[in-house]
*Asks:* 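Supplied in structure tokens, the structure appears directly below.
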Amino acid sequence: MAAKPRVAIFDFTGCEGCELNQLNFENQLLDMLEHVDIVEWREAMDDRPGEYDIAFVEGSLSTPDCIKRINEIRRRAKVLVAVGACAVQGGINGMKNTQPIEEVREEVYGKDKYLFPTLPALPLSAVVKVDVNVRGCPMTQMEFLKVFTALVMGKKPVEPTSAVCVECKLKENECVYEKGMICLGPVTRGGCDAHCPSFGQYCTGCRGMVPEPNLKAMEEILVKHGLSVNEAWKRLHLYNTHELEGLKS
Amino acid sequence: MTMNLDINVEHLTRVEGHGNIVVNMRDGKLEKAQLEIVEAPRYFEAMLKGRSFHEAAIITSRICGICSLGHQITSLKATEQALGLEVSEQTVLLRKLLIHGATIQSNVLHAYFLAAPDFLKVGSVFPLVSSHPDVVVRALRMKRLANDIGEVVGGRAVHPITPVPGGFTHIPSADELKELKRRLVEDMTPDLLATVETLKTLAGEIPQFERETEYISLRCDDEYAFYDGDICSSDTGRVSDAMYREMTNEFVVSHSTSKHCRHNRSSYFVGALARWNNNHDKLCDLALQAAEALGLKPGCTNPYMNTIAQVVEAAHCTVDSIRIIDELLERGLQNEDPDQEPKRFGTGVGATEVPRGILYHEYTYDRQGRIIKANCIIPTGQNLENIDDDMKKLVPEILDKSKDEITSYLEMLVRAYDPCISCSVHMLDVDFLE
Amino acid sequence: MELKFLASDRVEAFVSYIMQKKTVYAPQRAGKHSVALKKVADPGAVVLDYARTMQSVKKFFLPPRDELLQFNLADQSFAPAEVKPLDAVLLGIHSYDRAAIDRLDYNFSQGHAERNYLTRREGVVWVGVSFEPDEFHFSGSVGIRPHDTEGFDVFLTRARDGYLVEVLTNAGRELTAGFDLPATDQAKPQPGHFHQHIFLPQAKLNEVMGASYNNPVWEETAEKCVGCGSCNIVCPTCYCFNVEENVDIKVSGGTRERIWDGCMLREFTEVAGGEVFRGGLAERQRHRVMRKFKYLSDKTGHPWCVGCGRCTAYCTAGISIVSIVNRCISDYEKHAATAV
Amino acid sequence: MKLNELVPQQDPVDLYLPVMSEIRDVRPLTDLETLYTVALPDGRDLGHQPGQFVEVSLFGVGEAPFSISSSPTRKGVFELGIRKVGLLTEKLAELKPGDKVGIRGPFGHGIPVEKFRGKDVLIVAGGIGLVPMRSMINYVLDRRDEFGRLIICYGSRSDKELLFTDEMESWRRDPGVDFHVTVDRGSPEWEGNTGVITTLIPGLELDLGKTVCCVCGPPVMYRFVLLALKSRGLPDKSIYMSLERRMKCGVGKCGHCQINHSYVCQDGPVYHYPDLKSLEEAL
Ligand SMILES: Cc1cc2nc3c(=O)[nH]c(=O)nc-3n(C[C@H](O)[C@H](O)[C@H](O)COP(=O)(O)OP(=O)(O)OC[C@H]3O[C@@H](n4cnc5c(N)ncnc54)[C@H](O)[C@@H]3O)c2cc1C
Ligand code: SF4
Ligand code: SF4
Ligand code: SF4
């Protein structure tokens, strides 16, 4: 690529952990800056020019203003990258979607609820076309680097599709089921190098579902390991309410 | 002298989350001076309702990626108290080490990446890459090491993996800890001294502004309190963490999706400066020397000095991390199973000092170990009223300056609090009625 | 064969002794409940009494991630990955895992003989150990017994208070020479009993599996299977791989790597444009099992499953390859009975 | 026999190292397809059979199998016709003459030309299936006297997607070639046949005893073409088909291309139809 690609970073509703993770590339940051020009990043800088090639967007969409902004970003960006579970699949924010929104607001703000308009938490792809996903909560740094180098080379990044279990087995991790815990790894998209099971914790499903997940079979596994059917689905919903609602219909 | 003034900074930059600064003055009368929080509310209560105690910390950690470790540890403390789960001394030491790592990383990030561009009059850290490469490389090195503490002990710096109710799912090896210690001694300590030198040259850029207020932090008898302690007010003294509601008194204001707090006065201050004012007697020598060099004095009432207090704390956390690692190595690391057998089901409160101030979580569990009631009060929410009060005092004092200068003073003021707006709109304060 | 004796309390000394001659890899504790093959640093850490490791010795010859070449993007040059003979002692290996290596040897030498695998295969001294079949082992059904010494240089059979040692080859003699192993007149104990069986000899299995293409067992299994691919990735005779490019952050070069892949994964047969040639879980499961008991055994006369039980032990859905095969057998026999 | 006695002893080879080769010419065929002329170093000959393929790679991007589109009778360079569909092919589309690509191969079982010698050759190609078949077509054209009639049936989705239109003109004009082309949906300017490829087969002039056929196209096409050929009475043993599967190594190791017991990269891509009948998953 002749000129350096111009990169802009945006955030919507989320915890900003993904953006922080982008600042956490201490060992790579200077190399990365060799390849791109960062032109917009509210969390880290003041400037706001309007032109960019690649937009990295964190967070889910949850207010009418979000929808306006994301359309504007899409219009200006050549490549739009959804970063992190909130942006890719709605993430944790999606959990509120299963409860009637008015009730939730009432509970929180009481009579003041009309002060703050809000919508169900949506992934970016529910509103605009997303070109690339970097999954994870927070976004998987390893995957971000792969996507980054791919975009710098002008090629399409490859999205992993197989389950976290594959990576666990490649690393010969002791399966957390063996420790009497449960795990969502069997239906969760890999690409994180089985980060949580590698540290003895169960996979909470933050990278979204594998394509065409066999959810009935997953439910059976969770129930066999001591969860009630209700609890099993709650665990599956943690990051994936939007996706699961979509699969249902 | 300016008689009419309208300032509206939309989506303030270099802070975590979305906030606007709005100031209106009509005929010399200040009508409005406030930080409006426009971040979309997150509704964590809807998420926590009915969730298992295994998930509480996983979910609340997502309130904020910047403060994820703080939320996690605070949540674990509340859950453990509610369910009667015991943690080992090793667990406590590892948690304190994690908090130090997170505090260093957050304070370094704030000082170098968010605040320093103000002192150097640039828009972001990026121009500094070419103008001050050694400073940037140093900042990155410090941040990396702080994050590596999180990665080695917590499995990940943002949303750590290993801390769970009752202990850890994985503990670091002795070799990993030794390597961290080596870097803390050989890299971090000289980098801190260099940071102090750099800041000394910029000390003149810190605005002179004083406003007396109430300072609230944890306080404990045997150390500079982060993990354990009572709630301590500079006005009213110490109370136990169970009294946190009396210390916070949340209320809704129309210009903020985050609730505000007050205690003894119209507002109070939490964060590094509050901790410094309340606990400076517990700091290690290196930190005290840094404070001395940078002109930070006990009883400081200049909110802009919060950034300096953060650097002083980074020094303390570094020295104390080395001490904790020595203690862990001396004891010998044990593979322990976390205690996850609840002894009771009730209510528990956790209070921890996180980089931006004191953080409270409170949960009530049902007999299946599911959350029926949760409350969480975060530092930035507690500071918001204090920020508004500061602005109301500051604006009239600087009316002789240009509008741009006034704006930049206000932006710097808000940034000095290192506000974490993502956190502040968590909205967790509800009783769930099943 | 002359039997020698290695007392339990001398195992550690034996390991230290052979460590002086060659690098040793052996089973050691990996987690609370698991044992893995790792390079030995502490002879006391070796565990000879174990059910199974999650990954077999395959990982040393066909690593999970294996660099094929390094490239330089600036001048489009490349260098082949450095591949060295393993040149080590593999200690404490079970007979079925040794048998699996025979199968991989075949795969990587027939047709195009592959340098990467065959080079790593060199210089290995095999020290086997007998095993006590657990709830998942069924290697007896594919003709591999716990005491089988085939392919080993030295074999240790678990006996009272220690191990009976058979030194089987010159390499074995060289390895043990100088270590005092007293002769014993103890007889080799009877091998342990299997708790799992395939109810038909392999010779007949090809025929049965050939007739089981449309058996309902595939669809039934597919209902329980989550398609996670664990069964492939832990199998000692699975060797399929994918190839990936890794580019460094400076975008100046990188590596081409192969990574274990598995036919249970949906993407395995997906081509550009979205066509998936074995899309359904039933078809994938059928392919996996047929590959072990038909496709490759038709060609060589040997089953490609060695009965280690890993795919069943590590399947979170509890799918058992033995049950699948036995179901095919019983349906076949029922059909044969009604047909007569 | 014991398994280890079955293990053949041969010198192991570096199977995965490409030969860096030069792109000599790049010719767009349509919006999606491009024809590349490639030269091995030192003027080496690829030495392939029609129907064989090579693995083409770009460092940092990937590697994939592509059929050789030129006839082995044309020496010195070889041609690849590549459709832009994904990661690698999109980057290949950016290449210019002088650029380098990695080549491994030729691999696989091509068209057994000796079985076609002296016979009438019927080629049925759908879409991009014409790319490998062109190798055979040109082979026959270059050795005209060794073969009987050459009958080509080519089907494409639309006239805009037709490949090798210039060569098609010469086939059309060649009295020794019986060339038929059809498109599923023609544009207003299209004056030729419309309809799927099978509509061409009933009208062909075939000497059944003398015709040998080779089919290549998208997966859905095979079953219908087979039915059409059967209804013309062409015996199964006179039919060959070239199949496509995902493949990574090209040398029978990676397992991706397996159809039942058969490896497409070893036993195929060109199969004798009677052999395919025992492969339930093939068609
Ligand atoms: C024997 C054979 C001959 C072929 N000949 C031609 C040809 O002459 N012209 C042409 O345009 N295409 C041909 N193809 C198809 C070509 O291989 C795919 O179009 C190509 O792999 C797509 O790669 P990509 O990286 O652009 O696509 P992506 O969809 O990004 O593919 C990613 C990876 O998937 C694998 N893959 C995807 N599709 C296929 C496929 N169809 N076959 C095998 N692996 C695949 C590859 O390993 C590839 O690297 C042939 C395929 C085979 C098997
Ligand atoms: S720990 Fe989870 S992801 Fe890993 S193998 Fe077990 S079930 Fe799969
Ligand atoms: S391990 Fe079990 S669930 Fe996973 S793919 Fe294999 S059979 Fe299916
Ligand atoms: S198929 Fe299962 S039992 Fe057989 S060798 Fe493979 S993992 Fe072991």
Side-chain angles (χ1 to χ4, degrees), chain A residues 1-7 25 28 31-36 53-54 56 77-82 88 125 129-135 140-163 165-167 169-170 189-191 193 207 210-212, chain D residues 16 18 20-23 26 28 30-34 36 38 54-66 80-104 128 219-220 244-250 253-258 281:
Chain A
M1 194 171 293
K4 286 189 194 181
R6 281 157 308 180
V7 167
F25 282 118
Q28 296 90 3
D31 283 328
M32 292 165 90
L33 291 175
E34 293 276 301
H35 294 294
V36 298
D53 301 301
I54 306 171
F56 289 102
K78 292 205 187 87
V79 181
L80 190 150
V81 188
V88 174
S125 60
K129 178 172 168 283
V130 171
D131 302 303
V132 187
N133 291 315
V134 179
R135 291 167 182 268
T140 306
Q141 286 188 296
M142 188 173 84
E143 185 168 42
F144 186 91
L145 289 180
K146 280 194 183 158
V147 165
F148 182 86
T149 48
L151 293 177
V152 167
M153 288 177 71
K155 70 173 191 189
K156 207 172 66 178
V158 185
E159 234 192 300
T161 58
S162 43
C165 291
V166 170
E167 287 163 352
K169 296 286 159 4
L170 290 177
R189 250 180 224 255
D193 214 17
R207 294 179 47 83
V210 294
E212 300 177 15
Chain D
Y16 310 112
M20 297 315 289
S21 309
E22 192 185 310
I23 302 274
V26 177
T30 68
D31 288 349
L32 281 182
E33 284 92 359
T34 309
Y36 302 85
V38 187
V54 285
E55 287 280 342
V56 179
S57 67
L58 285 178
F59 291 135
V61 182
E63 187 174 47
F66 297 96
L80 302 169
I82 296 179
R83 173 180 289 177
K84 199 160 62 166
V85 288
L87 177 63
L88 175 67
T89 47
E90 270 165 26
K91 287 307 275 182
L92 286 172
E94 294 170 14
L95 294 183
K96 297 176 298 302
D99 287 343
K100 292 270 163 70
V101 291
I103 297 287
R104 293 192 296 124
I128 189 126
V220 288
E244 183 192 349
R245 284 296 183 277
R246 185 189 181 98
M247 52 180 72
K248 274 291 165 191
C249 69
K253 302 287 176 251
C254 79
H256 284 92
C257 68
Q258 204 177 355
E281 291 180 352

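When reading the values below, keep in mind they use all heavy atoms of this one structure, side chains included, and skip hydrogens, waters and symmetry mates. The sequence lines fix the lettering, A, B, ..., with proteins before strands; numbering per chain opens at 1. No experiment lies behind these values; they were computed from the predicted model shown.
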*Asks:* Applying ring-ring contact (aromatic ring centres under 6.0 Å, His included), can you list everything that pairs with D:Phe59, at least two apart in sequence or on another chain?
*Replies:* C:Phe71, C:Phe78
*Asks:* List for me each residue that meets side chain to side chain contact (heavy atoms under 4.5 Å, CB included) alongside D:Ser21, sequence neighbours excluded, and say none if there are none.
*Replies:* D:Val19, D:Val38, D:Leu40, D:Pro41, D:Ile103
*Asks:* Quick one: list whatever passes side chain to side chain contact (heavy atoms under 4.5 Å, CB included) with D:Pro219, sequence neighbours left out.
*Replies:* C:Glu275, C:Phe277
*Asks:* So which N and O atoms of chain D and chain A form donor-acceptor pairs under 3.5 Å?
*Replies:*
from	atom 1	to	atom 2	distance (Å)
D:Gly60	O	A:Lys155	NZ	2.2
D:Lys91	NZ	A:Met153	O	2.7

